[in-house]
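Accompanying notes for the structure given below.
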Amino acid sequence: MQGNENINFNKNYIDYISSIAPKTKETRSLLRAFWVGGTICCIGQFIRFAFETWLGLSGDELAAYVSVVLIFLGGLLTGLGVYDRIGKYAGGGSIVPITGFANSVVSPAMEFKSEGFIYGTASKMFIIAGPIIVFGVASSVLIGLSYYIYFLVV
Amino acid sequence: MRNRTFIFKNQPRIHATATLGGPKEGSGPVGKYIDTIVHDDYFGEKTFEKSERKMLEYAIRQAIQKTNFSDKEIGAIVAGDLLNQIISSSYACRAFDIPFLGIYNACSTMSEAFIIGGMMVDGGYVENVICATGSHFSSAERQYRYPLELGNTRPPQAQWTVTGAGAAVLSVRGKGPKLVAATLGKVVDFGITDTNNMGAAMAPAAADTLLEHFKNSHFKPEDYDLIITGDLGAFGSRIFKDLMWEKGFDISERHVDCGEMIYNIAEDEFQGGSGAGCSAIVFNGYFYKKLCNKEYKRIVLIATGALLSSVSSQQGESIPSIAHAAVFES
């Protein structure tokens with residue numbers, strides 16, 4: 001017996017829709033992402049210089065302090081309901097920096113508080129950020145291994 | 001031979017309606033026709049789900065109060081909503097001493113409720129029946145999309161789920177608009193998989209139902225003051241008119257879409273409103289009052305629904321859609 005999957009599918013219709021569907025304004029999106037993302041990075045760089053000059057930090061310690069501050073700011077702005085407005089405007093410009101990562105962890109944590117702290121906040125906290133962590137860890141292991149093997153051979 | 005269109009012989013009447021909308025709906029073009037505007041998305045509750053069910057309960061209660069009936073005189077509540085297992089309707093109906101029929105046809109639930117309720121009243125099984133539905137932007141976002149505070153952009157073909165609820169009392173008595181005919185929709189799927197493009201998914205279902213309606217009844221497009229679709233949005237409406245044009249029906253002068261008219265497009269509503277509450281508010285608020293004033297003689301409400309779930313869309317399935325038509329006369 002033939003399954004009824006795809007029985008009514010109409011390729012002409014799908015083509016027609018994709019030809020007239022409203023398109024994202026790419027140039028505008030790119031420009032917005034560029035200037036907002038650039039500004040966030042500049043703020044990060046400023047914090048880096050400030051910590052270097054006034055606190056005398058350097059190396060890994062300095063990088064960690066800067067990340068912590070930016071993550072805190074991302075989380076704070078998410079909690080205040082500002083970051084989603086920035087994101088709506090900037091798109092990728094505010095998703096890619098580390099503040100966007102903080103936003104993707106804090107926003108589901110807030111959202112699912114109504115289902116309780118264990119099954120809500122704690123278990124749903126990584127529904128957006130989870131894949132980033134998985135692929136981040138997996139790719140870093142792969143790169144690390146190839147780096148190790150390369151120096152073993154050479 | 002099966003006929004998807006049927007004529008109500010006893011012509012049930014809409015005895016009263018009640019509508020409730022959120023702040024965005026209240027400030028839109030149809031805002032002044034909405035009975036109650038709530039300025040707090042939470043409606044005094046702790047969660048959006050509780051808020052949604054309270055809105056639905058409030059609308060049903062208001063509709064009953066307007067008729068001066070007691071709970072005992074209402075034969076049944078026919079209601080549905082968008083949340084999983086239609087919890088809003090079920091929980092809202094805890095408050096009433098009235099039998100409850102839960103229905104689900106996504107955003108076409110309002111016209112489905114009218115048709116089922118109309119059949120019950122027309123058949124003489126009950127004297128009064130309540131048709132109600134509602135939706136909430138925030139609970140729908142939670143269920144179908146991303147957390148509210150996540151900073152992402154909405155694509156330009158997206159629509160905005162309506163916050164609000166509407167209820168109508170169909171009755172054998174009264175002076176209100178009459179429900180005269182209906183055409184049942186069937187599930188239509190042309191293979192659209194973009195969950196942000198509901199209008200394109202639902203337009204073929206609306207066209208199928210309307211074509212069937214014209215074929216089976218003696219009505220022509222000219223017989224209607226308005227042909228109202230539920231929540232196709234601006235883009236979906238354009239496709240709908242194109243599809244009807246292709247089959248030889250020019251409805252461009254008579255067609256309006258509830259989703260297209262509910263909002264001032266100011267933020268990220270893009271193509272307009274959607275959700276079960278959309279046709280519920282606009283029909284029971286705006287069009288009901290226009291029918292009562294005899295400004296329109298005959299209109300047809302074709303509420304459209306996209307029958308997907310978050311599971312089906314994550315598994316890459318296409319979006320099956322449905323549309324039911326209900327004809328009202330003043």
Side-chain angles (χ1 to χ4, degrees), chain A residues 4-18 20-25 29 32-33 36 74-75 77-95 97 99-115 120 124-125 127-129, chain B residues 42 45-51 138-139 141-143 145-159 186-194 196-205 207-208 233-236 238-239 242-243 246 267-268 270-271 310 314 316-321:
Chain A
N4 71 346
E5 263 184 67
N6 303 353
I7 207 152
N8 293 319
F9 282 19
N10 188 329
K11 195 178 174 298
N12 285 341
Y13 183 71
I14 297 173
D15 292 344
Y16 155 74
I17 294 302
S18 51
I20 63 165
K23 302 275 187 298
T24 308
K25 291 172 184 142
S29 306
R32 285 175 170 186
V36 176
L77 290 175
T78 305
L80 294 174
V82 178
Y83 206 87
D84 64 317
R85 283 162 202 276
I86 301 175
K88 210 174 260 183
Y89 174 84
S94 62
I95 294 173
T99 46
F101 185 74
N103 170 253
S104 73
V105 175
V106 175
S107 61
M110 287 164 63
E111 179 96 4
F112 291 97
K113 190 167 160 272
S114 53
E115 277 82 36
K124 297 282 174 70
M125 192 180 267
I127 50 167
I128 312 275
Chain B
Y42 279 104
E45 295 289 337
K46 281 211 174 78
T47 66
F48 292 123
E49 286 75 13
K50 280 186 176 172
S51 162
S138 304
S139 62
E141 285 293 299
R142 270 171 67 96
Q143 181 176 312
R145 298 182 192 95
Y146 297 110
L148 290 171
E149 297 297 335
L150 186 72
N152 57 350
T153 46
R154 295 167 69 83
Q157 68 272 29
Q159 288 169 265
K186 65 173 191 184
V187 178
V188 176
D189 188 347
F190 275 14
I192 298 290
T193 49
D194 179 4
N196 284 308
N197 202 348
M198 302 282 197
M202 296 189 294
D208 176 77
F235 180 57
R238 182 182 156 191
I239 301 164
D242 279 2
L243 290 172
E246 195 185 38
E267 201 186 341
D268 275 356
F270 292 120
Q271 303 301 326
S310 45
Q314 274 171 6
E317 301 269 352
S318 59
I319 306 169
S321 303

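Reminder, nothing fancy here: chain letters follow the sequence lines and each chain counts from 1.
Only the side chain of B:N197 comes within less than 4.5 Å of a heavy atom of chain A; its backbone N, CA, C and O stay farther away. Only the side chain of A:I128 comes within less than 4.5 Å of a heavy atom in chain B; its backbone stays farther off. With a 4.5 Å cut-off on non-hydrogen atoms, A:I86 does not touch chain B at all. If you measure heavy-atom distances from A:K124 to chain B, you find no contacts under 4.5 Å at all.
In the displayed structure, A:K11 atom NZ is contacted under 6.0 Å by at most 12 heavy atoms of other residues, nucleotides or ligands. More than 12 heavy atoms of other residues, nucleotides or ligands sit less than 6.0 Å from atom OH of A:Y16.
In terms of modelled atom types and a separation under 3.5 Å, the side chain of A:R32 and the main chain of A:G91 share no donor-acceptor contact. Under a 3.5 Å cut-off, the side chain of A:T78 and the backbone N or O of A:S107 do not form any donor-acceptor pair. Although no hydrogens or angles enter the test, the distance criterion places a donor-acceptor pair under 3.5 Å between the side chain of A:N103 and the main chain of B:G151. A donor-acceptor pair under 3.5 Å links the side-chain atoms of A:Y83 to the main chain of A:G100, judged by distance alone.
Among A:S29, A:G79, A:A21, the residue making the largest number of heavy-atom pairs under 4.5 Å with chain B is A:A21. For the set B:R238, B:E49, B:R154, B:K46, the entry with the most heavy-atom pairs within less than 4.5 Å of chain A is B:R238. Chain A forms the most heavy-atom pairs under 4.5 Å with one residue out of B:T193, B:L243, B:I239, and that residue is B:I239. The most heavy-atom pairs under 4.5 Å with chain A, out of B:L150, B:T47, B:T153, come from B:L150.
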